[in-house]
Amino acid sequence: MKGKLTTYENSEELAAGAAERICRAAAESTAARGRFTLCLSGGSTPRRTYTFLARRQGYAAVDWSKTFLFFGDERFLPPDDERSNYHLVRESLLQNAPIAADHVFAIPTHGSGPQQAADEYSRTLKAFFGGGGAWPEFDLVLLGLGDDGHTASLFPGAAALRATDCWATASPPGVLPPPVDRVTLTFPVFNAARQVMFLVSGANKAQAFAEVYQGRASVEQRPAAGIRPASGRTVWLVDRAAAGALSDRP
Ligand code: 6PG
């Protein structure tokens, strides 16, 4: 796998560093293409990052009028449920920054079930990105890593790992809480991104991170190993605890 690794002293510094890099990516994307498409992750590390992002103002902050926000995965729960990723993003970012409602593309969770929601989200993405069938090119995808090696809602052994012909799919609950159905974008979508940024914090992630980063993991067992953007731009922002199991072994 590999990718560019930056190690931070702790999760707070990691979140601040991530916010700074997101601002840089936003500036580069808007300069090059007039807009910035950012795919968000759930999780505790991103939450801190979003708080830092919302706090930034003025020069070197994200230009929210040119930014469009999407979600890499969602728990199939009402948007005001505290366990929903939308809720997390709303509390940490949307409420605290000047982001227009029509720039936020949440994964729907009101329909008859997660597969219907996945299909609806695929249509939303296709309408936004167009491209006549080509995979969407997010400017930046943020991802977390679970201690079992999952990323987004791509869980070890799940059928969603083998979804190669759709943009979003339903995913049954993994072994980690909360035990609810999920909707997740698929590998081909993540791998079409211009840049993928993993945020990994905590000693409980050390083993999974080392195996994925050093290319010692199978996608079935450690799904994050399946993230290999065609652009070749994978950035790992990791704190010291999460980097603790890296070895010199290739
Ligand atoms: C989710 C996330 C998930 C998360 C990892 C890491 O919906 O739970 O999208 O993939 O990023 O579980 O989460 P933490 O940063 O909280 O450890």
Side-chain angles (χ1 to χ4, degrees), residues 8 10-19 22 38-53 69-79 81-93 106-109 114 117-118 121 138 140-158 160-161 168-187 189-190 193 196-209 211-213 217 219 222-227 234-239 241-244:
Y8 296 88
N10 53 47
S11 61
E12 197 71 3
E13 287 184 18
L14 192 171
I22 294 167
L38 173 62
C39 184
L40 302 168
S41 164
S44 49
T45 319
R47 181 201 300 271
R48 285 196 200 94
T49 303
Y50 303 151
T51 306
F52 278 116
L53 264 185
L69 300 176
F70 300 85
F71 288 73
D73 73 320
E74 184 55 282
R75 294 106 186 257
F76 200 72
L77 293 164
D81 188 299
E82 287 190 355
R83 298 165 299 169
S84 112
N85 285 342
Y86 176 79
H87 182 271
L88 178 152
V89 169
R90 191 181 67 197
E91 299 290 303
S92 55
L93 179 60
I107 295 176
T109 54
Y121 202 53
F138 288 109
L140 178 61
V141 170
L142 302 180
L143 287 173
L145 177 73
D147 55 10
D148 61 352
H150 81 261
T151 192
S153 286
L154 296 165
F155 295 107
L161 304 181
T169 188
S171 188
V175 292
L176 299 175
V180 294
D181 280 315
R182 314 278 186 121
V183 176
T184 187
L185 301 189
T186 57
F187 281 130
V189 171
F190 291 131
V196 172
M197 187 184 289
F198 276 98
L199 311 181
V200 189
S201 159
N204 59 325
K205 315 278 179 70
Q207 195 55 40
F209 166 64
E211 288 177 23
V212 172
Y213 182 73
V219 176
R222 305 286 201 202
I227 303 293
T234 306
V235 172
W236 289 88
L237 307 186
V238 174
D239 70 6

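In this text the structure is predicted, and so the values were computed from the model without any measurement. Residue numbers count from 1 along this sequence. All ligand and atom numbering here is 1-based and tracks the order in the structure.
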Checklist entry - Numbering the atoms of ligand 1 from 1, which are under 4.0 Å from a heavy atom of S41? => result 9 (O), 11 (O)
Item to check | Protein heavy-atom partner closest to atom 16 (O) of ligand 1 - residue, atom, separation in Å | outcome: S44 N, 2.7 Å
Next on the checklist: When you measure from the heavy atoms of R182 to every atom of ligand 1, does any distance fall below 4.0 Å?
Outcome noted: yes
Next on the checklist: Nearest 0.5 Å, please: how far is CG in D148 from NZ in K205?
Outcome noted: 10.0 Å
Item to check | Donor + acceptor pair across side chains of D239, S201 (<3.5 Å) | outcome: yes
Next on the checklist: Working note: T184 + F155, criterion side chain to side chain contact (heavy atoms under 4.5 Å, CB included); need CA distance, chi angles, decisive distance, verdict.
Outcome noted: CA-CA 10 Å; T184 187; F155 295 107; over 6 Å; no
Checklist entry - So which protein heavy atom does atom 8 (O) of ligand 1 come closest to, and at what separation? => result R75 NH2, 2.6 Å
Checklist entry - Where does the angle between the aromatic ring planes of W236 and F198 fall among parallel (under 30°), tilted (30 to 60°) and perpendicular (over 60°)? => result parallel
Checklist entry - Do you know which of V235, L142, V141 makes side chain to side chain contact (heavy atoms under 4.5 Å, CB included) with V196? => result V141
Item to check | For the student: nearest non-hydrogen atoms of F76 and V180, plus distance | outcome: N-CG2, 4.4 Å
Checklist outcome for this item: Closest heavy-atom approach to atom 11 (O) of ligand 1 among G42, G202, G43 is made by G42
Checklist outcome for this item: the protein heavy atom lying closest to atom 12 (O) of ligand 1 turns out to be H150 NE2, 2.8 Å
Checklist outcome for this item: Interatomic distance, CG@L88 vs CD@E82, rounded to 0.5 Å, equals 10.5 Å
Checklist entry - Hey, is A152 touching ligand 1 through its side chain, its backbone, both or neither, going by heavy atoms under 4.0 Å? => result backbone
Checklist entry - Minimum heavy-atom separation for G42 to D73, with atom names? => result N-OD1, 4.2 Å
Item to check | Numbering as shown, the atoms of ligand 1 that approach T45 to under 4.0 Å (heavy-atom distance) | outcome: 15 (O)
Checklist outcome for this item: Residue, atom and distance of the protein heavy atom nearest atom 6 (C) of ligand 1 read L145 O, 3.6 Å
Checklist outcome for this item: The answer for which part of D73 has a heavy atom under 4.0 Å from ligand 1 is side chain
Checklist outcome for this item: for atom 17 (O) of ligand 1, nearest protein heavy atom and its distance come out as K205 NZ, 2.6 Å
Next on the checklist: Applying a heavy-atom cut-off of 4.0 Å, say which part of E74 lies close to ligand 1: side chain, backbone, both or neither.
Outcome noted: neither
